[in-house]
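Only this structure's heavy atoms are used, side chains among them; waters, hydrogens and symmetry mates stay out. Values in this document were obtained by computation on a predicted structure and should not be read as measured data. Just so it is clear: chains get the letters A, B, ... in the order the sequence lines come, proteins before strands, and each one is counted from 1.
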Protein chains: 2
Amino acid sequence: MPADKNIELSINDDHASAPPKAAKKILDVAYDLFYRRGIRAIGVDEIVKRAGVTKPSLYRSFPSKDELAASYLRQYDLEYWERFDEAVKAHPGDPRAQIKAFLTRIGKRTQVADYRGCGMTNAAVEYPDHSHPARVVSEANKQELRRRLRAMAGAMGAQDADTLGDGLLLLIEGAYISGQLFGLGGPAQSVATNADLLIEASLKK
Amino acid sequence: MPADKNIELSINDDHASAPPKAAKKILDVAYDLFYRRGIRAIGVDEIVKRAGVTKPSLYRSFPSKDELAASYLRQYDLEYWERFDEAVKAHPGDPRAQIKAFLTRIGKRTQVADYRGCGMTNAAVEYPDHSHPARVVSEANKQELRRRLRAMAGAMGAQDADTLGDGLLLLIEGAYISGQLFGLGGPAQSVATNADLLIEASLKK
DNA sequence: ATGTATACGTACCGATCGGTAACATTGTCA
DNA sequence: TGACAATGTTACCGATCGGTACGTATACAT
């Protein structure tokens with residue numbers, strides 16, 4: 001895992017303003033460790049060690065470990081909707097195909113060893129307290145997911161759009177969780193199939 | 001901290017063998033704290049304090065905190081299948097009604113403030129390492145759940161029993177998670193409805 | 001060259017983590 | 001009464017937790 005500093009130099013030698021160089025390394029490392037092993041399981045010492053920086057550097061860029069965790073999730077949120085919008089853009093005006101594309105992708109992602117599910121979901125499980133900075137980000141992400149799914153269910157012409165949207169959300173969350181519970185060949189591989197069955201059964205006849 | 005011994009005596013005056021008196025109190029308290037706030041979030045000091053015992057007592061009955069967590073989940077497992085079998089017994093020979101009863105119960109349980117989902121699922125999120133004692137119990141529980149759901153889907157006459165069984169599992173896991181993510185009025189309240197739609201769409205025509 | 005601002009490193013803080021050694025006390029049953 | 005088993009008491013261990021005081025190095029402008 002050494003020999004990273006050279007890379008970082010080469011990719012960062014644009015002569016733009018470079019004030020927060022350490023902050024990016026810290027957030028990148030924290031992202032990886034928090035996601036793969038859990039937030040509570042990772043101490044700040046390990047983060048700064050793997051990032052090749054020191055602890056005061058971390059606390060100059062982030063007020064606390066909890067806020068660093070929240071920053072990790074904000075980054076996760078950005079990339080999450082990027083993936084979501086990719087599936088949407090691939091099938092303009094066809095919400096059913098959009099859902100199918102998104103869920104097919106999730107189903108595939110779950111079928112790799114050591115899949116760790118959704119960082120948002122995991123963080124909410126780790127922090128039941130609704131006032132925790134990480135959980136605030138997580139809950140907002142899930143509210144937005146619910147909103148989008150319900151809207152798409154309506155656009156599909158579901159008999160009960162809210163129920164179908166919520167059903168799709170249940171399947172998605174179930175895929176995230178069972179993807180990390182069962183290994184390869186787990187139930188999550190059928191999420192797209194089951195979602196399409198549910199959609200078919202929920203449309204106006 | 002005194003005046004507790006009298007109480008414990010009065011509730012424990014059955015003249016059976018009473019070797020592990022402290023162990024039960026410890027496990028009861030650990031069960032409650034681990035479930036509500038998470039295993040990593042609770043230290044052994046808090047457990048012994050709330051149980052009114054001392055740390056050596058804990059380590060005489062349990063080899064480690066990790067094993068105590070596993071014992072908590074073994075207890076959780078027992079009660080889990082009690083609830084499951086209740087729903088099964090209520091509708092003999094009718095797996096579809098059994099599922100509906102079980103999911104209706106889950107849907108209701110999720111609609112209380114501070115619902116914390118499934119202890120098994122939460123533990124697996126907290127401990128990604130497959131060799132962790134708590135996770136071993138959790139994975140076994142989920143494997144058994146999958147086995148039962150697939151068998152019931154077959155008994156219902158599904159076109160593809162494994163896919164329907166897995167779809168039901170996804171909905172259940174989704175209900176556990178979204179039950180603690182969204183508060184009241186969350187998507188989990190529709191789990192029974194969505195499951196029945198999915199079942200209807202999956203039966204042989 | 002010198003001032004100034006900013007980023008970084010060394011060393012440390014008190015608190016808590018899981019876990020243990022050694023010994024005193026208690027209740028139970030023979 | 002004596003013996004055993006379970007629990008309690010106190011004090012402690014090394015490691016790690018999140019977080020910080022404070023001095024140093026580097027960059028840039030004047």
Side-chain angles (χ1 to χ4, degrees), chain A residues 4-5 8-9 12-27 29-30 33-34 37-72 126-127 129 132-134, chain B residues 1-30 33-34 37-72 126-127 129 132-134:
Chain A
D4 279 12
K5 295 178 182 168
E8 138 223 334
L9 278 180
N12 205 0
D13 60 320
D14 51 320
H15 32 312
S17 73
K21 188 178 52 179
K24 186 188 184 307
K25 292 196 296 185
I26 291 167
L27 186 55
V29 169
L33 292 177
F34 283 163
R37 317 223 318 253
I39 299 172
R40 292 200 115 111
I42 298 296
V44 291
D45 293 278
E46 183 165 2
I47 294 174
V48 300
K49 187 179 171 188
R50 304 268 275 246
V53 300
T54 58
K55 229 184 316 187
S57 280
L58 190 156
Y59 284 98
R60 275 175 216 118
S61 300
F62 305 93
S64 66
K65 185 202 173 185
D66 288 344
E67 282 300 331
L68 173 59
S71 293
Y72 143 58
E126 285 199 89
Y127 295 100
D129 182 357
H132 191 283
Chain B
M1 188 160 301
D4 280 12
K5 295 174 182 167
N6 339 9
I7 297 172
E8 139 221 337
L9 277 179
S10 62
I11 66 173
N12 204 358
D13 55 4
D14 51 319
H15 32 315
S17 74
K21 189 177 47 177
K24 186 187 186 307
K25 291 197 294 186
I26 292 167
L27 187 55
D28 285 350
V29 170
L33 292 177
F34 282 163
R37 313 217 329 246
I39 299 171
R40 292 201 116 111
I42 298 297
V44 291
D45 293 278
E46 183 165 1
I47 294 174
V48 299
K49 187 179 172 188
R50 303 267 276 247
V53 302
T54 57
K55 228 183 321 184
S57 277
L58 190 157
Y59 283 98
R60 280 180 206 118
S61 301
F62 305 93
S64 66
K65 184 201 174 185
D66 288 344
E67 281 300 332
L68 174 59
S71 293
Y72 143 59
E126 285 199 89
Y127 294 99
D129 182 355
H132 191 284

Original post:
Under the 3.5 angstrom rule, does the side chain of A:Glu126 hit a backbone N or O of A:Arg40 as a donor-acceptor pair?
Top reply: yes
Subject >> Carboxylate-amine/guanidinium contact A:Arg37 A:Glu46, below 4.0 Å >> reply: yes
Original post:
Any ion pair linking B:Lys49 and B:Asp45 (charged N to carboxylate O, less than 4.0 Å)?
Top reply: no
Subject >> Nucleotide-resolved protein contact map, nucleotides 9-23 of chain C, B/S/- at heavy-atom distance under 4.0 Å >> reply: BB------SBBBBB-
Original post:
Pick one: which of A:Leu27, A:Val53, A:Ile42 meets side-chain contact (heavy atoms from CB on, under 4.5 Å) with A:Ile47?
Top reply: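 One option only clears the test, and that one is A:Ile42.
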Original post:
Whole-Å distance between D:dA6 C1' and B:Leu58 CG?
Top reply: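 Result: 15 Å.
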**OP:** Classify the angle between the aromatic ring planes of A:Phe34 and A:Tyr72 as parallel (below 30°), tilted (30 to 60°) or perpendicular (above 60°).
**Re:** tilted
